[in-house]
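By convention in this document, chain letters (A, B, ...) are assigned in the order of the sequence lines, proteins followed by strands, and residues within each chain are numbered from 1.
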Number of protein chains: 2
Amino acid sequence: MRPTVNDIAREAGVSLATVDRVLNARPGVREKTIRAVNDAIVKLGYVRDLNAANLARSRNYRMAVVLPDTESQFVQTLAKALTDAGSIAATARMELRLLRFPAEDPHALAALLASLPGHGFAGVALMAPETPVLRDAVRGLRARGLPVVALVSDLPNTGRDHFIGIDNRAAGRTAGVLMGRFLGGGQPRGSERSEVLVLGQSLLARDMIERRRGFDEVMLRDFPGLEVLPSLETHGSSSTLRQVVVERLASAPGVRGIYAMGDGNRALTQVLDTMGLSGKLTVICHELTPHVRQALEAGEVTAVITQNLGHLARSTLRVLRAKADNLPLDAGQEQIRIEILLRENLPPAPDSASDTPAEADDAA
Amino acid sequence: MRPTVNDIAREAGVSLATVDRVLNARPGVREKTIRAVNDAIVKLGYVRDLNAANLARSRNYRMAVVLPDTESQFVQTLAKALTDAGSIAATARMELRLLRFPAEDPHALAALLASLPGHGFAGVALMAPETPVLRDAVRGLRARGLPVVALVSDLPNTGRDHFIGIDNRAAGRTAGVLMGRFLGGGQPRGSERSEVLVLGQSLLARDMIERRRGFDEVMLRDFPGLEVLPSLETHGSSSTLRQVVVERLASAPGVRGIYAMGDGNRALTQVLDTMGLSGKLTVICHELTPHVRQALEAGEVTAVITQNLGHLARSTLRVLRAKADNLPLDAGQEQIRIEILLRENLPPAPDSASDTPAEADDAA
DNA sequence: GCAATTTTGAGGTGCGTACCTCATTTTGCG
DNA sequence: CGCAAAATGAGGTACGCACCTCAAAATTGC
């Protein structure tokens with residue numbers, strides 16, 4: 001049997017009350033006694049039964065997840081993954097509150113964050129671009145004891161407790177090798193020149209920059225025979241995307257591959273379709289949204305670089321909780337992997353999952 | 001607040017004892033009363049607090065994991081992943097017992113399984129080839145109330161409660177597309193004929209067969225320009241592998257790719273190295289063992305099809321537990337994905353993880 | 001050496017559930 | 001109707017821990 005507080009008390013030759021004082025860092029215990037108790041803890045290999053402890057203090061973990069109010073399919077999918085994970089974690093005394101902020105308003109975000117400590121939150125997960133105001137807001141939260149984890153896009157200079165997401169530079173590199181190898185390693189195909197088109201909604205966003213850097217890194221080093229054209233900006237607008245793609249493909253007939261770094265994959269496949277190019281180019285994009293899944297199955301998209309959003313959501317909950325309890329993490333479990341999805345290794349659609357919340361009756 | 005058993009009793013107009021009888025399926029309650037209690041449960045949305053329940057019955061989940069006593073690096077790595085996951089899960093009242101059986105002796109395995117129910121196990125995870133004796137043994141376990149989950153290789157005809165692993169046919173298909181596309185889609189390269197070598201330790205093992213089927217499926221359909229040579233059997237022996245590979249490569253100078261379906265990747269890279277072929281062929285293999293990781297980083301292996309063993313191990317524990325408690329699973333979380341690893345998206349080595357079991361003192 | 005202060009002990013209560021006993025009520029049946 | 005059997009209620013104990021109170025003991029300062 002695992003040792004309990006009573007065993008510690010006996011071993012240390014003190015009373016239960018004293019063990020409790022030491023365990024919970026309550027004042028009024030001599031240094032010497034503290035040491036005696038800690039020695040006993042080490043000797044017996046005591047570990048607090050977190051479940052019993054939480055039961056006793058009837059603790060519940062209320063966490064805030066702060067996302068931009070963007071309507072993009074990625075954010076939508078992420079929000080759903082988080083909600084799903086949250087409703088399952090409800091049995092583990094966790095409560096998730098999804099909060100949205102105006103995507104382009106750092107000050108509104110800062111104000112939102114500042115209001116959190118008053119509402120009994122035990123931690124915050126945050127997906128937002130790093131700005132000076134945000135840095136201060138995050139520092140403020142941490143100063144008040146709230147752990148903060150960055151979601152999807154890192155906030156390296158804010159002192160956040162953890163980052164949950166992929167290394168975008170490595171993701172870009174991965175896209176690069178795939179593109180290079182899928183296009184035959186850069187060997188010229190007949191007399192044509194092979195070119196690759198790169199799309200991104202904004203060249204200022206940190207993740208876009210990193211993906212592009214990683215992509216170029218590999219293309220330059222390993223596939224000098226392929227020419228990567230300058231990035232085209234879509235600004236998140238479908239019409240802009242359509243326009244620039246049509247324009248570019250007309251002027252550059254040697255384009256054999258497209259790397260779509262950001263959103264707007266739906267518009268992209270549509271353009272290609274109307275141009276009669278579906279399935280004729282190597283198209284690599286990011287994030288497995290419902291539409292992308294469909295395009296992958298149809299052969300309109302060749303490969304998808306993605307992070308498993310279900311995993312990301314569950315990881316968020318686990319990390320928030322571990323940070324709230326000041327417990328160590330299982331690094332391997334929290335490592336979000338850069339997944340390569342082809343039509344052949346596409347996991348089955350989550351579908352309208354098993355709605356039955358339980359086997360209901362416990363009866364045998 | 002979440003409703004408790006007391007709330008149920010009040011709502012249903014019965015006593016606590018009766019609610020308890022219903023909840024735990026104890027005898028001596030009228031059908032009508034049972035219904036009343038269940039109605040109250042539904043109405044209030046009651047969910048049993050599993051932590052409190054486990055505390056009360058001081059329950060611990062003791063699980064058996066049964067693996068072949070093979071010395072292959074894959075089984076070793078898997079065993080380690082399981083042990084690691086088990087030691088972390090120890091805080092959650094789980095205890096993992098690793099048991100090994102003589103790889104080639106189905107009867108010894110059956111005997112081992114038959115001995116389990118007597119030792120207070122709450123569930124069994126099993127990696128073994130399906131044989132008639134095994135089928136009976138598994139049925140016997142389940143008849144005695146022990147949930148059985150199949151690990152890595154499925155046991156479809158045994159009535160196992162769950163399978164944890166990947167779809168090997170899909171894995172083979174994935175290897176196929178990668179091979180095909182990496183070799184330029186089958187376009188002849190100059191005048192040479194492009195051939196692909198396939199290696200497997202035994203053509204009788206279910207997983208080898210399925211991988212090969214998936215691989216051929218894709219190669220025939222999508223890359224008719226590539227010729228896939230008949231599988232070479234290595235029987236798990238390094239020297240056999242060395243011999244057949246040397247032989248074949250000498251007689252078939254057009255080989256540009258190798259698909260290694262099973263173990264023996266270390267021997268393979270060695271042969272290629274001594275033949276001066278390192279990095280000159282497209283080599284695709286399975287499972288990220290320490291050696292394969294190294295070979296991937298060195299460019300001796302092009303791509304690895306793998307299942308994340310850490311995930312697999314944690315999934316095993318979660319599934320065993322859920323089955324023991326008769327709870328529903330989170331399908332998304334338990335879905336083991338077919339991962340494609342290139343040098344560029346290789347996750348960092350687990351390393352000699354953080355040995356510090358905790359932040360020690362809870363003090364602020 | 002005495003009072004003031006600090007440290008410690010003893011004990012209780014509650015968290016939500018499991019499991020047990022014994023008395024009391026209700027039901028079914030002849 | 002009366003009686004045995006079945007159903008239900010009341011209440012207690014335990015699980016491992018948090019948190020509280022009050023008294024007793026040990027230590028400190030003067």
Side-chain angles (χ1 to χ4, degrees), chain A residues 1-38 40-41 44-61 90-93 122 324-327 362-364, chain B residues 1-38 40-41 44-61 90-93 122 324-327 362-364:
Chain A
M1 287 305 274
R2 266 167 60 173
T4 74
V5 276
N6 282 292
D7 301 322
I8 302 302
R10 203 176 321 111
E11 176 71 27
V14 300
S15 76
L16 209 65
T18 301
V19 173
D20 175 69
R21 289 182 185 113
V22 174
L23 276 178
N24 297 291
R26 279 184 250 282
V29 187
R30 258 185 310 174
E31 198 50 48
K32 191 180 146 197
T33 315
I34 294 185
R35 240 178 294 119
V37 172
N38 281 328
I41 289 178
L44 299 189
Y46 169 81
V47 259
R48 195 198 298 254
D49 183 330
L50 245 186
N51 289 328
N54 285 339
L55 176 60
R57 63 172 72 148
S58 55
R59 156 151 211 187
N60 55 344
Y61 300 80
T91 49
R93 316 179 107 76
D325 284 339
N326 199 20
L327 290 177
D362 245 10
Chain B
M1 287 305 274
R2 266 166 60 173
T4 75
V5 275
N6 283 292
D7 301 322
I8 303 300
R10 205 176 319 114
E11 176 71 26
V14 301
S15 76
L16 209 64
T18 301
V19 174
D20 175 68
R21 290 183 183 109
V22 174
L23 276 178
N24 297 292
R26 279 184 250 281
V29 187
R30 258 184 311 174
E31 199 50 49
K32 190 180 145 198
T33 315
I34 294 183
R35 242 177 292 118
V37 172
N38 281 329
I41 288 177
L44 299 189
Y46 169 82
V47 258
R48 195 198 297 254
D49 183 329
L50 246 185
N51 289 327
N54 285 339
L55 175 60
R57 67 173 72 155
S58 55
R59 157 152 210 186
N60 54 344
Y61 301 80
T91 49
R93 305 173 175 287
D325 284 339
N326 199 19
L327 290 178
D362 245 12

**Report entry** Set of side chain to side chain donor-acceptor pair (under 3.5 Å) partners for B:Y46, sequence neighbours left out
**Finding:** none

Query raised in the report: Please give, in whole Å, the distance from D:dG16 C1' to B:D49 CG?
Result: 14 Å

Requested in this report: Give me the residues of residues 2-15 of chain A where at least one heavy atom lies under 4.0 Å from an atom of DNA chain D, by number, or none.
Outcome: A:T4, A:V5

Report task. Apply the side chain to side chain contact (heavy atoms under 4.5 Å, CB included) test between B:L23 and each candidate in B:V37, B:I41, B:I8; give the one that qualifies. Result -> B:I41

Query raised in the report: With nearest nucleotides of DNA chain D determined for B:A56 and B:V29 from heavy-atom distances, which residue corresponds to the more 5′ nucleotide?
Result: B:V29

Requested in this report: Check side chain to side chain contact (heavy atoms under 4.5 Å, CB included) between A:A36 and all other residues, then give those that pass, not counting sequence neighbours.
Outcome: none

Report task. Would you mind reading off the distance between A:N24 atom CG and D:dA18 atom C1', rounded to a whole angstrom? Result -> 6 Å

**Report entry** Nearest-Å distance for atom pair CZ/P, residues B:R93 and D:dC15
**Finding:** 12 Å

**Report entry** All side chain to side chain contact (heavy atoms under 4.5 Å, CB included) counterparts of B:L55, not counting sequence neighbours
**Finding:** A:A52, A:L55, B:R93

Query raised in the report: Mapping A:A52 and B:R57 to their closest nucleotides on DNA chain C, which lands nearer the 5' end?
Result: A:A52

Donor-acceptor contacts under 3.5 Å from residues 11-20 of chain A side chains, at least two apart:
{"unit_1": "A:E11", "atom_1": "OE2", "unit_2": "A:K43", "atom_2": "NZ", "d": "2.8"}
{"unit_1": "A:S15", "atom_1": "OG", "unit_2": "A:A17", "atom_2": "N", "d": "3.3"}
{"unit_1": "A:S15", "atom_1": "OG", "unit_2": "A:T18", "atom_2": "N", "d": "3.4"}
{"unit_1": "A:S15", "atom_1": "OG", "unit_2": "A:T18", "atom_2": "OG1", "d": "3.4"}
{"unit_1": "A:D20", "atom_1": "OD1", "unit_2": "A:N24", "atom_2": "ND2", "d": "2.9"}
{"unit_1": "A:D20", "atom_1": "OD1", "unit_2": "A:R26", "atom_2": "NH2", "d": "3.2"}
{"unit_1": "A:D20", "atom_1": "OD2", "unit_2": "A:R26", "atom_2": "NE", "d": "3.1"}
{"unit_1": "A:D20", "atom_1": "OD2", "unit_2": "A:R26", "atom_2": "NH2", "d": "2.8"}

Query - Residues B:R59, B:D325: salt bridge by 4.0 Å N-O rule - result: yes

Query raised in the report: Looking at residues at least two apart in the chain, or sitting in another chain, which of them share a side chain to side chain donor-acceptor pair (under 3.5 Å) with A:R10?
Result: A:D7

Report summary line: The side chain to side chain contact (heavy atoms under 4.5 Å, CB included) partners of B:R35 (sequence neighbours excluded) come to B:E31

Report summary line: Smallest heavy-atom separation, A:A53 atom then A:R48 atom, equals CB-CD, 4.2 Å

Report task. Classify every nucleotide of nucleotides 20-30 of chain D by which part a protein heavy atom approaches to under 4.0 Å, writing B for the base, S for the sugar-phosphate alone and - for neither, in 5'-to-3' order. Result -> -------S---

Query raised in the report: Can you pull the contact range of chain B along DNA chain C, 5' to 3', using atoms under 4.0 angstrom from its heavy atoms?
Result: C:dG16 to C:dT27

Requested in this report: Taking salt bridge (Lys or Arg N to Asp or Glu O under 4.0 Å) as the test, write out the residues that go with B:R2, two or more places apart.
Outcome: none

Requested in this report: For residues A:Y61 and A:A92, report the shortest heavy-atom separation together with the two atoms involved.
Outcome: CD1-O, 4.5 Å

